[in-house]
Amino acid sequence: MAVASRKWPRLSRMQRHDLFYGVLFASPWLIGFVLWTVYPIISSLYYSFTRYDLLQPPQFIGLTNYINLTTDDDFFLVIQNTLWWVILSSPIGVASAFLMAVLLNSRIVARSAFRAIFFFPSIVPIIVVSSVWAFVLNIQYGAINATLRAFELPTIPFLSNPTVVKPTLLLIHMWMQGGAMVIFLATLQDVPRELYEAATMDGAGSWSRFWSITLPMCSPVILFNMVMAFIGGFQNFALPWLLTQGGPNRATEFFAVFLYRNAFQYLRMGKASALAWILFIVIVIFTVMLFRSSARWVYYRSE
Amino acid sequence: MSSKKLNRRDFLRYGLAAASGLALSACTGAAAPGGNAPAAGDPTAAPADASEAPPPAEGKTITYWTFWNQYANAVKVFEPALQSLVAPNKVEVKTGVQAEEVFLTAVAAGTPPDVGTGHHYIDYMSKGQAVEIDSYAALSSVLKPDNFSPAAWGGQFYRGKHYGVSGIEAFVRRGLNYNERLVTAAGLDPEKPPVTWDEMLIWHKALTVFDAAGNLTQIGYDPTDAEGGLFATADGSFIPDSWGFKWFDVKSQTFNIDTPQMAEGMETLAEFVRIIGPDNLTGMRSVEGQGSWGGSFNAEVQAMIVEGYWHPGETAQEKPDVAKLNRATWIPVPESRRGAKVQQGGGHMVLFYKGAKNGPEVAWPVAEFLNSKEHCDPVFSSVGWLPDYKPYLATVDGSAYPGLDFYLKSVTEANEWNYPLWCEIETFVGNQYNAYFEKVYRDEMTAADAAAALQADAEKEWREAGYAS
């Protein structure tokens, strides 16, 4: 049986000329992508099968790094912490961004000013955000606890108690949802007015309009923001590292913090690479699950 | 006839060609030093062709990096003397080089400084990144065992080979410092400092102050701060020092953490935190200036601190009013060890790095200079640091900074000396210690269980990191 061979379309001289210059113009990005993205990804996969300390050549040890993690108590603590964070922070973060967008899409006084105020935290560097919150929330000298103390109320150990610290980070996370809020705001403004007008004429109240029009029309963007929130949640590093360094009592030792510690404090780059690949696989699984579930709750206008 | 006008497409094409040419020419750069081309100014390098002009009369550039920021003040003073010492070569001094992000990356990438100090001593020595200097040390008039304390001298060696040159900030590391004013205000006698942990606890209780609403306003002693909070570091381990045992046996490469002394030490220190309140302590330490090394002592919200000899001098630079109140004495020991006067040597040192542009054959004078009077005087006066170099220490005035005299005298009065053990997984063990100690003072684990768990973790990491034979 003859195998059908796929032939590339014959390009004209002009097309070849254009292709050459197209590739040439794109080459800085292509070269950068191969050097700084593809190569590190492939390298990290290889390193995950090695014992590698940065300073000596890697030694191939097969699946040992992965197997060792199965008996690592710290690894399971980190998984617990990370799942707590992802499962709560992703929906709560997206929900708060969406509700802020809905509020700021309504006709309120000084709407533009409020939009700027709510968006502002997302453009402030994380190091500044962390420093400010560290001072605001400190049990000894923080503004909130100083106020509580002034009223002779008990102080709250926001960042220094293992039970309280994760919910505290969650509150800060909600405060930083300006980026997702802007995307929701753009989507809300794209919902056709006539849908609301028709629903109003049919006697729909504000809740019905929100539930039956706003939510479905925004569901593709909710999916997008949820996916981004899940990915960001699994990679949560800057806030816990800068505010608590994984403490107190390892309550904020999330996956990325643990990975960083192994890579750059213990110089266990092979183990850290294995952790990175496990994180990647977990993120892929969560993302696929989210996309699979989207058939039930995401509405596309083209459908 | 074709148009001479430059259209957009041609402009972009020529622009790209020009940019590519520039980028390629930039990539080629100058001939790499250490390659076949003779280095400019290298007096040993002959011109390839007699007709070529001789190289300009300038020497090699020696790179000298340190991770400290405050060292920069001293550099300004000693640099002319250093430059004149190495002429016709010259030294490029960099201070404040971040130990991980910059220093470690440079070493790992094969572009290290010629000589420098960037923490990670054990990593660089044990992983083949430091140059052995036995042959240079043998010829040196500075680097002789008699010129250093046995602890500082021993700290320069790893597995019997000489790698480090002790200097810059390298004198003794153990002393209990206390604020005379706070001690007196608490009704305690500053002339009779605590000697044992039982006495220390009495002082701690008297010096830990809460306001009427029960909020912490002052700490007596924070056992997680400064040298007192260290376990498994180049500066030693505080509990093993005070309780008198070695947590790691260098010869047999075995761990000795799961011991009654370790458990007793953790439990004793945990009691200090319980009196403060674990959340209060974490909160206090997380505030800038009071979470940093020794900052709470300078802010006068901590009355006692275990620190090295640098504490009197550094405090004098940072908080002169507090420095005047500083007193120093021996670190506390358990009642069973009353009379033990414990001191720890080692400190910092510079290493020469493999793959550097210039090896010790060129950069050696820089390392020796670090123990000279020209270097040490400005470092002592502007930062408060001392080398562990006996000829220089003999010239130091112990009254220069309140409390310093104790450290100078401790060299002859100490009856127990400790030195860096150089365990290859010390960072991991130190971090795990912090985690388990927190579990103990939060009453989530007994001290005995914590010591056992720390031993088990250390042994597991030892195996997994490939050190077990």
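Naming convention: chains lettered A, B, ... in sequence-line order (proteins, then strands); numbering from 1 in each chain. A quick note: this is a predicted structure, and the numbers were derived from the prediction, not measured.
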Compare all side-chain heavy atoms of I139(A) with those of N280(B) and state whether any distance is below 4.5 angstrom. yes
Most contact-rich option vs chain A, by heavy-atom pairs under 4.5 angstrom, among E101(B), H120(B), K460(B), E426(B), is K460(B)
Between G246(A), S131(A), P248(A), P154(A), who has the most heavy-atom pairs with chain B when the cutoff is under 4.5 Å? P248(A)
With rounding to the nearest 0.5 angstrom, report the CZ to CG distance, F428(B) to L267(A). 13.5 Å
Ranking R250(A), R261(A), Q265(A) by heavy-atom pairs under 4.5 Å to chain B gives rank one to R250(A)
Locate the shortest heavy-atom distance separating Q432(B) from Y266(A); write the atom from each residue and the value. OE1-OH, 4.3 Å
Any chance you could measure T427(B), atom OG1, to F264(A), atom CZ, to the nearest 0.5 Å? 14.0 Å
Return the minimal non-hydrogen interatomic distance between P162(A) and R442(B), and the atom names on each side. CD-NH1, 3.3 Å
CD of E464(B) to CG of N68(A): how many Å apart, nearest 0.5 Å? 3.5 Å
Exceeds 12 heavy-atom contacts within 6.0 angstrom, atom CZ of F210(B): yes
Using a heavy-atom cutoff of under 4.5 Å, enumerate the residues of residues 443-452 of chain B that contact chain A, numbered in order, or state 'none'. E444(B)
If I take atom CG from residue N434(B) and atom CG from residue N249(A), how far apart are they, to the nearest 0.5 angstrom? 11.5 Å
Against D279(B), only a single residue in T163(A), N161(A), T155(A) fulfils side chain to side chain contact (heavy atoms under 4.5 Å, CB included); can you say which? N161(A)
Which pair of heavy atoms, one from R149(A) and one from D211(B), lies closest together, and at what distance? CD-OD2, 4.1 Å
Side chain to side chain, E461(B) and R268(A), heavy atoms closer than 4.5 Å: yes
Within residues 70-85 of chain A, which residues come under 4.5 Å of chain B, heavy atom to heavy atom? T71(A), D72(A), D74(A)
Using a 4.5 Å heavy-atom cutoff, which residues in residues 52-67 of chain A come close to chain B? D53(A), L54(A), L55(A), Q56(A)
Enclosure of Y46(A) OH (heavy-atom neighbours >12, cutoff 6.0 Å): yes
Residue set satisfying side-chain hydrogen bond (donor to acceptor under 3.5 Å, both in side chains) with E424(B), at least two apart, ordered chain then number -> Y158(B), R159(B)
Which atoms of Q129(B) come close to chain A, meaning under 4.5 Å heavy atom to heavy atom: side chain ones, backbone ones, both, or neither? side chain
